[in-house]
Amino acid sequence: MKLTVIGCWGGYPKQNEASSGYILEHEGYHLLIDCGSGVLSKLQNIIQPEQLDAVIVSHYHPDHIADIGVLQHARLIQGFLGIDMPTLPIYAHEFDQHEFAKLTYKQITKGIAYDPTITMKLGPFQVSFLKTNHPVPCYAMRFEAAGKVLVYTADSSFKEEFIEFSRHADVLLCECNFYGHQNGQSAGHMTSIDAGQLAERAAVKQLILTHLPHYGNKVDLITEASGEFTGIIKLANEFLSISL
Ligand SMILES: [Zn+2]
């Protein structure tokens with residue numbers, strides 16, 4: 001598996017960058033995980049929109065879905081220009097019917113509800129889900145292929161169930177919207193300390209901090225997390241690429 005960060009900003013994109021979006025690739029299959037603001041522009045540095053095989057969405061906050069509409073337009077226009085491509089499946093939960101309905105657009109994209117209680121096969125990946133602590137329904141995802149594991153927390157405050165869910169992951173892509181001295185619980189986000197403790201208790205190999213705050217010295221997030229976790233820690237940044 002290869003993970004490439006397209007955008008790593010929480011809430012909204014930093015100038016000239018993108019909010020949440022990640023490409024997960026295996027055996028030529030390209031899955032886009034979340035599609036926040038700025039993602040469609042930035043992902044074209046890595047892959048063309050018509051080359052995506054599927055999209056999966058954690059929840060319906062704009063920093064995770066804002067560019068779904070323009071992704072649909074991109075595939076529509078490339079189709080007019082003669083590029084032949086199948087309907088793009090967009091996997092998401094259906095616990096917000098208004099938002100879920102928007103994932104289906106002409107023959108261009110089709111919203112497909114995942115059942116978070118079961119493990120799903122998606123291309124070459126086995127995907128399982130964990131409901132997170134967030135103001136709206138949101139699901140963390142565990143992707144497995146060829147004996148490797150990526151866990152993406154999506155947006156959440158810390159919850160104990162993350163430990164088992166993340167157990168022995170090769171990469172834990174963990175949201176880290178707050179610094180160690182802050183309290184993310186009411187906002188539904190984790191701190192650097194939460195992320196470090198989760199990585200340590202789940203015995204993951206590598207921790208990538210993402211969904212980053214727009215203030216403060218971000219290197220402090222690493223320093224704080226490394227007080228809890230002795231493994232490799234990185235800050236997500238645009239086009240960071242990790243092979244699992
Ligand atoms: Zn959110």
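Start at 1 and go down the list; that is how both ligands and their atoms are numbered.
Residues E27 and K2 are not paired through a salt bridge, judged by the lack of any N-O separation under 4.0 Å between the basic side chain and the carboxylate.
Under the 4.5 Å side-chain heavy-atom criterion for ILVMFWY residues, no single connected hydrophobic cluster contains both I90 and I33.
Looking only at N/O/S atoms, H59 comes nearest to the Zn ion (ligand 1) through NE2. H61 contributes ND1 as its N, O or S atom closest to the Zn ion (ligand 1).
Taking backbone and side chain together, H134 holds an N, O or S atom under 2.8 Å from the Zn ion (ligand 1). At least one N/O/S atom of D155, from backbone or side chain, sits under 2.8 Å from the Zn ion (ligand 1).
Side-chain atoms of E17 do not come within 3.5 Å of backbone N or O of K14 as any donor-acceptor pair.
The only option from Q182, H214, H211 that meets the side chain to side chain donor-acceptor pair (under 3.5 Å) definition with N177 turns out to be H211.
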